[in-house]
Amino acid sequence: MGYVFLFLATLSWSFVGILVKTAGTWVDSMTITFARFAVGVVALGVVLLWRDQKLRIYAKHKWIWIGAIGKSFNYLFENIALSIGYSYGNILVVPIQTVILLLISAFYFKEEVSRRGWVAAALCILGVLVISWNGLPLSEMIASGGFTTLLFILAAIGTTFHVLSQKLLIQSMDSENMNFSVFFWCSVLMALPLPVQAHTTGSFHIGGLMALAALGLITGLSFNWYAKAMQRVSFGVLILVGNSSVLFTILWSYLFFNDPITMYIIAGTGMFLAGMLLLNWPLKKAKLTARAAKRDGSEPAKTNAAESGV
C-alpha cells in the first residue's frame, strides 16, 4: 500500500503546473491560491471527521503561523510565476528550497555540512541556473525568464519556512491535524485580499473549475499520502520515485501545452536531481543506524541536519 500512496503523491505533484495554467485561463492567481487551500481544508476536514469525529484548529503555536505565512507566500508566488511562465517552471522550487535549507543548517543551526553537502548544493544551484539560462543571451534571459525565476526563489523561501514548521510541529501533533490547522489559516490569509483582488481572466469553463478542485485535493491529500509512504517504503525508492515528479512535470507540460523542452532544461534538471539525491541519500543510512542503535540499546549517532534537508 505504501507504493500506492507514493505513486499518488508523486503523480499529483507533477500535475500542479498544468492545473495552475488551466485554472489561470479562468481566474487570477490570488483566487487560485485561495482555492488550493480552501478545497484542501475541506478534503482534510472530511478525513479528520471520518477518523476522529471532530475537528481541531490550532492557533496558539507560533510555528502554525510561521508555516501558514510561509506556505501562503509559496503558493502565491508559485501561481503567479506559473501563470506568466511555462507550466514546468515550478520544478525550480525544490532545488532552491534544498539549498536554502542547507544554508540555514550551516549558518543558523550551526550544523556541520559535509563536503558532499556543499557539492550537492552546487549541483542544485548550477541546475537552476542552466534552466533559467536555457541557452539564451544574458539580456534576453533577464527579460524573458529572470522575473519568473525570482518569483520561484520567493516561493522557495516561503516553502522553506513551511518545511521548518512541519519538522517542529510534527513532534506534538499528527500530520493530518497539523496540515488542517496550517492550511485553514492559509485559506483565511488568502481570503483577506480577495474582495479587491479577485477577478476573472477569461470566460468560465468546466476545465478551469475542475483544475481548481484538483489543486485543492492535491493540497489536502498529497502530503498525507507521502507521509504514509515514508512509513512503508524504503528510502531509496522514496527518493527516486518522489523526485520523478519533476520528470513527469516536464512531460505533462510538453504534452498538454507544448512547452519547449530544450537540452538545457533536461541538463539542468539532471544536475539538480543529482544534487538532491547526493544530499539526501546519506540521511536514511544515518536514520537506519540510529534506529538500529536504539533497538540495541546503544546511543545513536547525531544526524547531520544539513544532509537531511533541515
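Values below: all heavy atoms of this structure, side chains included; hydrogens, waters and symmetry mates excluded.
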Checking side-chain contact (heavy atoms from CB on, under 4.5 Å) between E78 and each of V16, V20, T33, L151, which is the one that passes?
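For E78, the side-chain contact (heavy atoms from CB on, under 4.5 Å) check succeeds only for V16.
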
Please say whether more than 12 non-hydrogen atoms of neighbouring residues, nucleotides or ligands are located less than 6.0 Å from [atom1] in [X].
X    : atom1 : result
F248 : CZ    : no
Y108 : OH    : no
Y86  : OH    : no

Could you walk me through whether T159 and Y75 satisfy the side chain to side chain donor-acceptor pair (under 3.5 Å) test, starting with their C-alpha distance in whole Å, then the side-chain angles of each, then the deciding distance to 0.1 Å, before giving a yes or no?
CA-CA 8 Å; T159 197; Y75 273 6; over 6 Å; no

I want to check something: taking the side chain as every heavy atom from C-beta on, are [X] and [Y] in contact at a cut-off of under 4.5 Å?
X    : Y    : value
R36  : N79  : yes
F77  : L150 : no
F272 : I131 : yes
I157 : N74  : no
S132 : L92  : yes
L11  : W252 : yes
I96  : I125 : no
V39  : L212 : no

Hey, can you tell me if [X] and [Y] have their rings parallel, tilted or perpendicular (30° and 60° cut-offs)?
X    : Y    : result
F15  : F256 : perpendicular
F223 : H162 : perpendicular
H205 : W26  : perpendicular

Look at the side-chain heavy atoms of Ile, Leu, Val, Met, Phe, Trp and Tyr, link any pair under 4.5 Å apart, and say whether [X] and [Y] land in one connected group.
X   : Y    : answer
V47 : I218 : no
Y3  : L221 : no
I32 : V196 : no
F37 : V42  : no

D259 bridged to K21 by N-O distance under 4.0 Å
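Between K21 and D259 there is no salt bridge, as every charged N stays at least 4.0 Å from the carboxylate O atoms.
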
I'd like to know if the side chain of S14 pairs up with that of T249 as donor and acceptor (distance under 3.5 Å, no hydrogens or angles considered).
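No, no side-chain donor-acceptor pair sits under 3.5 Å.
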
Can you check side-chain contact (heavy atoms from CB on, under 4.5 Å) on F204 and L209, steps first, answer last?
CA-CA 8 Å; F204 169 79; L209 180 62; 4.0 Å; yes

Where the side chain of S83 meets the backbone of I80, is there a donor-acceptor pair that is under 3.5 Å apart?
yes

The criterion is ring pair (Phe, Tyr, Trp, His ring centres under 6.0 Å); which residues satisfy it with W13, sequence neighbours excluded?
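For W13 the ring pair (Phe, Tyr, Trp, His ring centres under 6.0 Å) partners, ignoring immediate neighbours, are Y226.
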
Quick one: pull up CG in N177 and CG in L55 and give me the separation to the nearest 0.5 Å.
8.5 Å

Would you mind writing out the side-chain donor-acceptor pairs for residues 56-63 within the sub-3.5 Å range, not counting sequence neighbours?
from: H61; atom 1: ND1; to: W63; atom 2: N; distance (Å): 3.1

